[in-house]
Amino acid sequence: MMEAGNSIMRITKPMIHAVRELHRKKNRTEKGLFILEGPKLLMEAMKSGIQIKQIFAKESWFANNADKIPHGILSATTNNEELERISQLSTPNEVIAIASIPERVHVDLPANNELVIYLDNINDPGNFGTIIRLADWFGMKGIVVSSGSVDQYNPKVVQSSMGSLFRVKIEISDPENYLKNAKASSLKIMGAAMDGNDIYKTDISSGGILVMGSESHGISEAARSYLTETISIPIFSDNAEVESLNVSMAAAIIISEYKAAQLRAS
């Protein structure tokens, strides 16, 4: 561990520039690095074995946490103005870190009534991060995302996942790979759609793969071709003006009903 009193430098303009470059997916991919903000996320990342490369924080944070920082991490003090320049949050946290993107993982096809979530061209980072939290909360086997989805290391995805990103397996695989293999294995592939079967009248306890489409366009034709059935959440309101559920809300309801159906069946 890093001992109190070890050298902590002052943040420099090149450091600020390097962090700001990681706001773009292209640079994150090329450098194999991503940003995480806030003490909770930093501690969750270190607990999960994520390799932290750099830490930028206020002097007061270092004074209280120097003994928690592993040896060899570049550490630099910064102020509010500098934190605002390198943060993507409207109100920056007191600590921002740079970490290495882990090696890609594989999510096995579901077995024994498990459920895998497949995200097809999900574009909203807040929704993606929330679905990662849901998968963590409900103990899902993993999440598979199409290459057209938002980058899982987008700062807003990282932030909204609240640390679950470091615990949930996430694989990038297009429909013609993952869903094709699932269908060849005779797995149930359920697509969430407005015109699908009522989830409260359909037995989804056997799990399989839950396909959630993009917020704007729904499930793509490429993914739809592998579906074995479609399911929907019925609307109970008489108000014609009510907005449709966003993808993370819909995922929460369907996953919860899946778990409840398993409990009823047991």
Side-chain angles (χ1 to χ4, degrees), residues 102-124 127-152 157 161 164-165 167-233 245 247-263 265-266:
E103 292 183 5
R104 289 192 174 186
V105 300
H106 173 67
V107 175
D108 292 331
L109 293 174
N112 303 319
N113 298 333
E114 295 170 328
L115 183 71
V116 166
I117 306 167
Y118 187 93
L119 301 181
D120 180 41
N121 297 332
I122 297 298
N123 297 311
D124 185 274
N127 280 333
F128 188 7
T130 300
I131 292 172
I132 295 171
R133 288 180 67 186
L134 287 169
D136 194 16
W137 181 268
F138 284 101
M140 298 292 96
K141 188 176 184 68
I143 297 175
V144 181
V145 298
S146 66
S147 59
S149 295
V150 63
D151 171 25
Q152 71 195 73
V157 175
S161 76
S164 292
L165 175 65
R167 293 185 291 270
V168 175
K169 281 187 174 182
I170 301 174
E171 177 181 356
I172 301 172
S173 182
D174 285 322
E176 56 270 24
N177 295 314
Y178 196 86
L179 295 184
K180 182 179 181 180
N181 291 338
K183 194 162 187 177
S185 299
S186 300
L187 287 168
K188 182 187 290 187
I189 305 175
M190 303 172 286
M194 295 294 291
D195 58 352
N197 298 318
D198 185 337
I199 61 165
Y200 302 116
K201 299 177 182 178
T202 304
D203 183 10
I204 60 175
S205 62
S206 60
I209 297 174
L210 171 62
V211 180
M212 306 295 297
S214 85
E215 298 84 355
S216 303
H217 307 292
I219 298 172
S220 68
E221 287 302 318
R224 186 175 289 274
S225 65
Y226 297 106
L227 300 181
T228 60
E229 63 182 279
T230 56
I231 55 176
S232 69
I233 302 166
L245 301 172
V247 66
S248 59
M249 289 178 180
I253 294 168
I254 296 172
I255 295 168
S256 180
E257 176 58 22
Y258 153 71
K259 285 294 188 181
Q262 286 190 323
L263 290 172
S266 63

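Please read these numbers as outputs of a predicted model, since none were measured by experiment.
To the nearest 0.5 Å, atom CD1 of residue Ile172 and atom CZ of residue Arg104 are 4.0 Å apart. Once rounded to the nearest 0.5 Å, the distance linking CG of Asn181 with CD of Glu176 reads 10.5 Å. Here the OG-CD1 distance, from Ser149 to Ile170, works out to 10.5 Å after rounding to the nearest 0.5 Å. Between the CG atom of Asp108 and the CD atom of Glu171 there is a distance of 9.0 Å, given to the nearest 0.5 Å. Between the CG atom of Asn127 and the CD1 atom of Ile132 there is a distance of 11.0 Å, given to the nearest 0.5 Å.
Under the 3.5 Å distance criterion, the side-chain polar atoms of Tyr118 are matched with a main-chain donor or acceptor of Ser173.
Residue pairs meeting the salt bridge (charged side-chain N to carboxylate O under 4.0 Å, His left out) criterion with at least one partner in residues 112-123, sequence neighbours excluded, are Glu114-Lys141. The salt bridge (charged side-chain N to carboxylate O under 4.0 Å, His left out) analysis of residues 204-224, with sequence neighbours excluded, yields no pairs. A salt bridge (charged side-chain N to carboxylate O under 4.0 Å, His left out) check over residues 249-260, counting only residues at least two apart or in different chains, returns the pairs Glu257-Arg264.
Here the shortest heavy-atom pairing between Asn123 and Ser214 reads ND2-CB, 4.2 Å. In plain terms, the two heavy atoms of Ala250 and Leu245 that are nearest each other are N-CB, 4.4 Å. The shortest heavy-atom contact between Val247 and Gly213 is CG2-O, 3.8 Å. Looking at every heavy atom in both residues, Val145 comes nearest to Phe128 through CG1-CZ, 3.6 Å. For the pair Ala251 and Ile131, the tightest heavy-atom approach, listed with the atom from each and the gap, is CB-CG1, 4.2 Å. When all heavy atoms are compared, the tightest approach of Tyr178 to Ile209 is CE2-CD1, 3.6 Å.
Residues satisfying the side-chain contact (heavy atoms from CB on, under 4.5 Å) criterion with Ser266, sequence neighbours excluded, are absent altogether. Taking Ser186 as the reference, nothing meets the side-chain contact (heavy atoms from CB on, under 4.5 Å) condition, with sequence neighbours excluded. Partners of Ala252 according to the side-chain contact (heavy atoms from CB on, under 4.5 Å) rule, which considers only residues two or more places apart in sequence or in another chain, are Leu134. With sequence neighbours excluded, the residues that form a side-chain contact (heavy atoms from CB on, under 4.5 Å) with Ser206 are Asn113, Lys188. Not a single side-chain hydrogen bond (donor to acceptor under 3.5 Å, both in side chains) links Asp124 to another residue, sequence neighbours left out. Residues that satisfy the side-chain hydrogen bond (donor to acceptor under 3.5 Å, both in side chains) test with Ser205, not counting sequence neighbours, are Asp203. With sequence neighbours left out, the side-chain hydrogen bond (donor to acceptor under 3.5 Å, both in side chains) criterion links Ser232 to no other residue. Taking the salt bridge (charged side-chain N to carboxylate O under 4.0 Å, His left out) definition, one finds that Asp136 meets it with Arg167, sequence neighbours left out. Listed by chain and residue number, nothing satisfies the side-chain hydrogen bond (donor to acceptor under 3.5 Å, both in side chains) test with Thr130 (two or more places apart in sequence, or in another chain).
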Assess the residue pair Ile254 and Ile233 against the criterion (side chain to side chain contact (heavy atoms under 4.5 Å, CB included)); give the C-alpha distance rounded to whole Å, side-chain angles, the decisive distance to 0.1 Å, and a yes or no. CA-CA 8 Å; Ile254 296 172; Ile233 302 166; 4.0 Å; yes
Under the side chain to side chain contact (heavy atoms under 4.5 Å, CB included) rule, what do Thr202 and Glu229 come out as? Steps first, then yes or no, please. CA-CA 11 Å; Thr202 304; Glu229 63 182 279; 3.8 Å; yes
Ile255 and Ile117: side chain to side chain contact (heavy atoms under 4.5 Å, CB included), yes or no, with the steps? CA-CA 9 Å; Ile255 295 168; Ile117 306 167; 3.5 Å; yes
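Asp198 CG: more than 12 foreign heavy atoms inside a 6.0 Å radius.
Checking each of Val211, Ile189, Leu187, Val107 against Val116 for a side-chain contact (heavy atoms from CB on, under 4.5 Å) leaves exactly one that passes, namely Val107. Between Ile219 and the options Asn121, Thr230, Leu227, a side-chain contact (heavy atoms from CB on, under 4.5 Å) holds for only Leu227.
For the pair Met140/Val168, no side-chain contact is recorded, criterion being any heavy-atom separation below 4.5 Å from C-beta on. Looking at heavy atoms from C-beta onward, Leu210 lies in side-chain contact with Ile231 at the 4.5 angstrom threshold. Side-chain atoms of Leu115 and Ile204, non-hydrogen and from C-beta on, never get closer than 4.5 Å to each other. Residues Ile199 and Ile253 are in side-chain contact: their nearest non-hydrogen atoms beyond the backbone lie under 4.5 Å apart.
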